[in-house]
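Inspection log for the structure reproduced underneath, given as structure tokens.
So you know, we letter chains A, B, ... as the sequences are listed, proteins then strands, and number each from 1.
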Protein chains: 2
Amino acid sequence: MANQLTPLDQVFAALADPTRRAIVMRLCAGEASVGELADPFDMALPSFMKHIHVLETSGLVQSEKSGRVRTCRLSPDALLGAEDWFQQQRAIWEARLDRFEAYVMKLKKENEQAAAKRPSRATRKKGS
Amino acid sequence: MANQLTPLDQVFAALADPTRRAIVMRLCAGEASVGELADPFDMALPSFMKHIHVLETSGLVQSEKSGRVRTCRLSPDALLGAEDWFQQQRAIWEARLDRFEAYVMKLKKENEQAAAKRPSRATRKKGS
DNA sequence: CAATTGGTTAGCCATGTAGCTAACTATACA
DNA sequence: TGTATAGTTAGCTACATGGCTAACCAATTG
């Protein structure tokens with residue numbers, strides 16, 4: 001029944017929220033306490049903590065409590081995992097573009113050869 | 001009142017769903033009709049169409065209807081936009097790492113100089 | 001010890017999301 | 001013209017999400 005969310009699901013879902021993206025961006029510049037992180041946002045702390053928690057279960061952020069202050073830091077692995085996904089898609093996409101270009105070149109070449117054989121048909125319109 | 005979703009919000013939200021990621025991956029390999037796309041999924045068509053619609057409003061996918069079949073294709077710009085976000089974060093992250101490394105090197109150097117001046121203290125344990 | 005600070009837990013509410021069925025439209029085919 | 005095909009619209013349910021307040025620890029600080 002538990003619809004097992006993949007890490008990728010959770011990372012993308014976490015990044016779909018502007019507040020959480022801002023937190024990630026902030027943490028790229030170095031670790032910070034919950035209070036420091038929450039400060040720029042006009043939001044009640046419990047609401048803000050939910051965002052932190054989402055980031056934590058997605059694996060994007062780790063935190064550690066010492067005394068009464070919890071310090072958060074980015075864990076870059078999850079971020080890299082998501083970035084990889086894009087790069088893989090792009091690789092497939094670009095491979096396809098290459099194949100498509102090759103295909104167009106082949107068509108063009110065939111068309112030229114056909115035109116050389118039956119020059120009169122080469123100027124006819126498609127639908128008529 | 002309309003909580004203006006940024007394109008990035010919509011792209012990440014769209015990619016947070018495994019069905020939609022699969023659609024994007026499929027479309028990386030070339031355009032396809034709604035029916036072809038829906039075929040591998042055990043899901044009613046109207047439900048599936050919602051996913052297509054989400055992908056379309058996110059800008060990841062474009063579609064066009066001719067006759068009774070709607071053909072979908074990937075529009076790679078939105079994908080690149082999201083990939084850019086990662087690369088920017090990584091750049092900031094890496095810059096920070098560099099600064100951190102420089103800081104550690106400076107500490108180390110200072111420590112060595114201090115050790116040269118007061119060699120006896122250099123072997124003391126931290127907490128005692 | 002008392003008060004403050006930093007975070008946490010519990011619980012409420014409004015809205016959004018993902019799925020379904022049923023019924024409909026519009027093209028294509030026989 | 002009638003039937004099958006490909007999507008589409010409408011409307012429902014269940015659950016997830018994002019926000020809030022109130023009340024509650026547990027370290028610090030005076």
Any Ser47(A) side-chain nitrogen or oxygen under 4.0 Å from OP1 or OP2 of dG18(D):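 Result: no.
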Can you sort out the partners of Phe86(A) under ring pair (Phe, Tyr, Trp, His ring centres under 6.0 Å), two or more places apart, ordered by chain and number?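 Ring pair (Phe, Tyr, Trp, His ring centres under 6.0 Å) list for Phe86(A), sorted by chain: Phe12(A), Phe86(B).
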Stretch residues 49-57 of chain B: residues that reach within less than 4.0 Å of DNA chain D through a heavy atom: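 The answer is Met49(B).
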Which parts of residues 10-31 of chain A get close to DNA chain D, meaning a heavy atom less than 4.0 angstrom away?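 Residues of residues 10-31 of chain A under 4.0 Å from DNA chain D: Asp17(A), Arg20(A).
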Say you draw a straight line from [atom1] of [X] to [atom2] of [Y]; how long is it, rounded to the nearest 0.5 Å?
| X | Y | atom1 | atom2 | result |
| --- | --- | --- | --- | --- |
| Leu27(B) | Arg96(A) | CG | CZ | 9.0 Å |
| Ser47(B) | Ile52(B) | OG | CD1 | 12.0 Å |
| Thr19(A) | Leu55(A) | OG1 | CG | 10.0 Å |
| Ile23(B) | Leu15(B) | CD1 | CG | 11.0 Å |
| Arg20(A) | Met25(A) | CZ | CE | 15.0 Å |

Nucleotides bounding contact with chain B, strand DNA chain C, heavy-atom threshold 4.0 Å: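 Both ends considered, the range comes out as dA18(C) to dA28(C).
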Is it possible for you to say whether Leu74(B) and Ile92(A) belong to one hydrophobic cluster, with membership spreading through side-chain heavy-atom contacts below 4.5 Å?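 Cluster IDs for Leu74(B) and Ile92(A) differ.
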hydrophobic_cluster_shared for Val24(B) and Trp93(A), side chain cutoff 4.5 Å: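 As far as the 4.5 Å side-chain criterion goes, Val24(B) and Trp93(A) are connected within one cluster.
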Which of residues 39-46 of chain A have a heavy atom under 4.0 Å from DNA chain C?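 Output list: Leu45(A), Pro46(A).
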Which residues in residues 59-73 of chain B have a heavy atom closer than 4.0 Å to any atom of DNA chain C?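 Nucleic-acid contacts, sorted: Gly67(B), Arg68(B).
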How would you list, by chain and number, every residue that makes a side chain to side chain donor-acceptor pair (under 3.5 Å) with Gln88(B), sequence neighbours excluded?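 Partners of Gln88(B) by the side chain to side chain donor-acceptor pair (under 3.5 Å) criterion come out as none, since no residue qualifies.
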Distance-only donor-acceptor hits, side chain of residues 28-39 of chain A, under 3.5 Å, sequence neighbours excluded:
| residue | atom | partner | partner atom | Å |
| --- | --- | --- | --- | --- |
| Glu31(A) | OE1 | Arg73(A) | NE | 3.1 |
| Glu31(A) | OE1 | Arg73(A) | NH2 | 2.9 |
| Ser33(A) | OG | Glu36(A) | N | 3.1 |
| Glu36(A) | OE1 | Ser33(A) | N | 2.9 |

Can you list everything that forms a side-chain contact (heavy atoms from CB on, under 4.5 Å) with [X]? Sequence neighbours excluded, please.
| X | answer |
| --- | --- |
| Ser75(B) | Gln62(B) |
| Pro7(B) | none |
| Pro18(A) | Arg21(A), Asp9(B) |

Hey, are Arg70(A) and Glu64(A) close enough for a salt bridge, meaning a charged N less than 4.0 Å from a carboxylate O?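 Between Glu64(A) and Arg70(A) there is no salt bridge, as every charged N stays at least 4.0 Å from the carboxylate O atoms.
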Can you pull the ring pair (Phe, Tyr, Trp, His ring centres under 6.0 Å) pairs that have at least one residue in residues 43-84 of chain A, sequence neighbours excluded?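 Of all non-adjacent pairs touching residues 43-84 of chain A, those that pass ring pair (Phe, Tyr, Trp, His ring centres under 6.0 Å) are Phe41(A)-Phe48(A).
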Using whole Å, report how far CG of Asp9(A) lies from C1' of dA16(D).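 About 14 Å, once rounded to whole Å.
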